[in-house]
Number of protein chains: 2
Amino acid sequence: MAPSRHDRHSVIDCALHLLDDIGLPDLSMRRIAAELEVQPSALYWHFPNKQALLAGVADRILSAVPAPDASRDTSQVARAVLDALLAYRDGAEIVMSSYALRLGTPRAQRALAASLTAHPDSDVLADAVFEFILGHATLLQQRMHAQSIGAVEPDAQDPTAHSDAVFCAGIRALTAGVRT
Amino acid sequence: MAPSRHDRHSVIDCALHLLDDIGLPDLSMRRIAAELEVQPSALYWHFPNKQALLAGVADRILSAVPAPDASRDTSQVARAVLDALLAYRDGAEIVMSSYALRLGTPRAQRALAASLTAHPDSDVLADAVFEFILGHATLLQQRMHAQSIGAVEPDAQDPTAHSDAVFCAGIRALTAGVRT
DNA sequence: ACCTGAACACCGTTCAAGT
DNA sequence: ACCTGAACACCGTTCAAGT
């Protein structure tokens, strides 16, 4: 039994599964290394630092959004991006910081921009839509976690229904001027 | 020379100034304590934990937005919220996590909702606008910091101009249906 | 090519004890 | 009322050395 060699792909896999179990605040290099039954320093052979590892995780999270396709509806693409972000615990926060550092590939923005080619300022509007989705998803996921900790009493109204109404209203308004 | 007694207000003051100097990632309890010339454990007399201290900082950041006023234009209020978030380094990120945990007072959302009373779903739309502003400001500030570190090459186009265009387009679209 | 072992300079938080 | 001192259980990262 060789002591299990690893590569970037398997490390990211491990980090992604661990993320769902323990959340971003507890996702340390040491914890990932322990899960892989390896010393923490071993991770630095595959990635220069933690940020780079998380950028790999972010790319994997966004790999679930379909490739750019001008025939698709913007609200449809927006929903796909939201679903991808919500598919893993704290997914939005990870994508947010990786995107800001311009690590990883801007797959989501490209898919959104493609669906907006009818609009004169498709790239500007695509960025606005992406920023709204990220803000929405980040807030929602942090709230979900806070609630599971019991740090916060549930909303008066159903939180999922309200959150969905906010998302739909936002996307509808942002795409109202297009393909009229 | 008494060894300088402190209260919550002075601790938050110190943290806010320190934030501008060193940024959120380096803003540790130990660093704040050192700045106040006090032991780290002393901070736990004033706040139950770091999260609560940061919630105080978030409230102070948002205290710059004017009180709810139905006669104000939504785009005007949105700009005031953005300016408040950008006034301190990493202000958006601090407000984002404190708001998600429902610590602190929802001053910004109330001001936005007041400016939208003409709209039937003023609270839903106010939340959407707030989420867009937070996403926009967080991305912008993280990008600014990454750039100052040199971790990222500046945009081809002027980043400030592009970012401003995205913000204006987003706010215009989100408030297009109101007071027609 | 991929990993170990040991170290460095840090964290947030608790708690008995001091004044 | 407000703080010290010491401890506990952690961090990310580096680097010589192993196989």
So if I take residues 40-58 of chain B and measure heavy-atom distances to DNA chain D, which residues fall below 4.0 Å?
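The answer is B/Ser41, B/Ala42, B/Trp45, B/His46.
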Contact list for DNA chain D against residues 15-22 of chain B - heavy-atom distance below 4.0 Å
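Of all residues in residues 15-22 of chain B, none places a heavy atom under 4.0 Å from DNA chain D.
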Taking side chain to side chain contact (heavy atoms under 4.5 Å, CB included) as the test, write out the residues that go with A/Leu174, two or more places apart.
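If we apply the side chain to side chain contact (heavy atoms under 4.5 Å, CB included) test to A/Leu174, skipping adjacent residues, the hits are A/Val129, A/Phe132, B/Ala173, B/Leu174.
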By the ring-ring contact (aromatic ring centres under 6.0 Å, His included) test, which pairs, at least two apart or in different chains, include something from [range]?
| range | answer |
| --- | --- |
| residues 70-96 of chain A | none |
| residues 96-118 of chain A | A/Tyr99-A/Phe130 |
| residues 23-43 of chain A | none |

When rounded to the nearest Å, what value does the distance between P atoms of D/dA9 and C/dA9 take?
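It works out to 23 Å between them.
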D/dC2 versus C/dA17 - spacing of their P atoms, nearest Å:
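Here D/dC2 and C/dA17 have their P atoms 22 Å from each other.
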Set out, line by line, the N/O atom pairs under 3.5 Å between protein and nucleotides 16-19 of chain D.
none

Without placing hydrogens or testing angles, list every side-chain donor-acceptor pair under 3.5 Å for residues 38-50 of chain A, not counting sequence neighbours.
{"unit_1": "A/His46", "atom_1": "NE2", "unit_2": "A/His6", "atom_2": "O", "d": "3.4"}
{"unit_1": "A/Asn49", "atom_1": "OD1", "unit_2": "A/Gln51", "atom_2": "N", "d": "3.3"}
{"unit_1": "A/Asn49", "atom_1": "OD1", "unit_2": "A/Ala52", "atom_2": "N", "d": "3.0"}
{"unit_1": "A/Lys50", "atom_1": "NZ", "unit_2": "A/Leu27", "atom_2": "O", "d": "3.1"}

By salt bridge (Lys or Arg N to Asp or Glu O under 4.0 Å) - contacts of B/Asp13 (at least two apart)
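With neighbours one apart ignored, the set is B/Arg60.
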Salt bridge (Lys or Arg N to Asp or Glu O under 4.0 Å) involving A/Arg79 - partner list, sequence neighbours excluded:
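Partners of A/Arg79 by the salt bridge (Lys or Arg N to Asp or Glu O under 4.0 Å) criterion, ordered by chain and then number, come out as A/Asp164.
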The dot-bracket string of DNA chain D, counting Watson-Crick and G-U wobble pairs with both distances under 3.5 Å, using [ ] for crossing pairs and | for pairs to another strand, is ||.|||||...|||||.||
Is A/Val124 isolated, or which residues cluster with it under the ILVMFWY side-chain rule of less than 4.5 Å, directly or via members?
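Result for A/Val124 is B/Val166.
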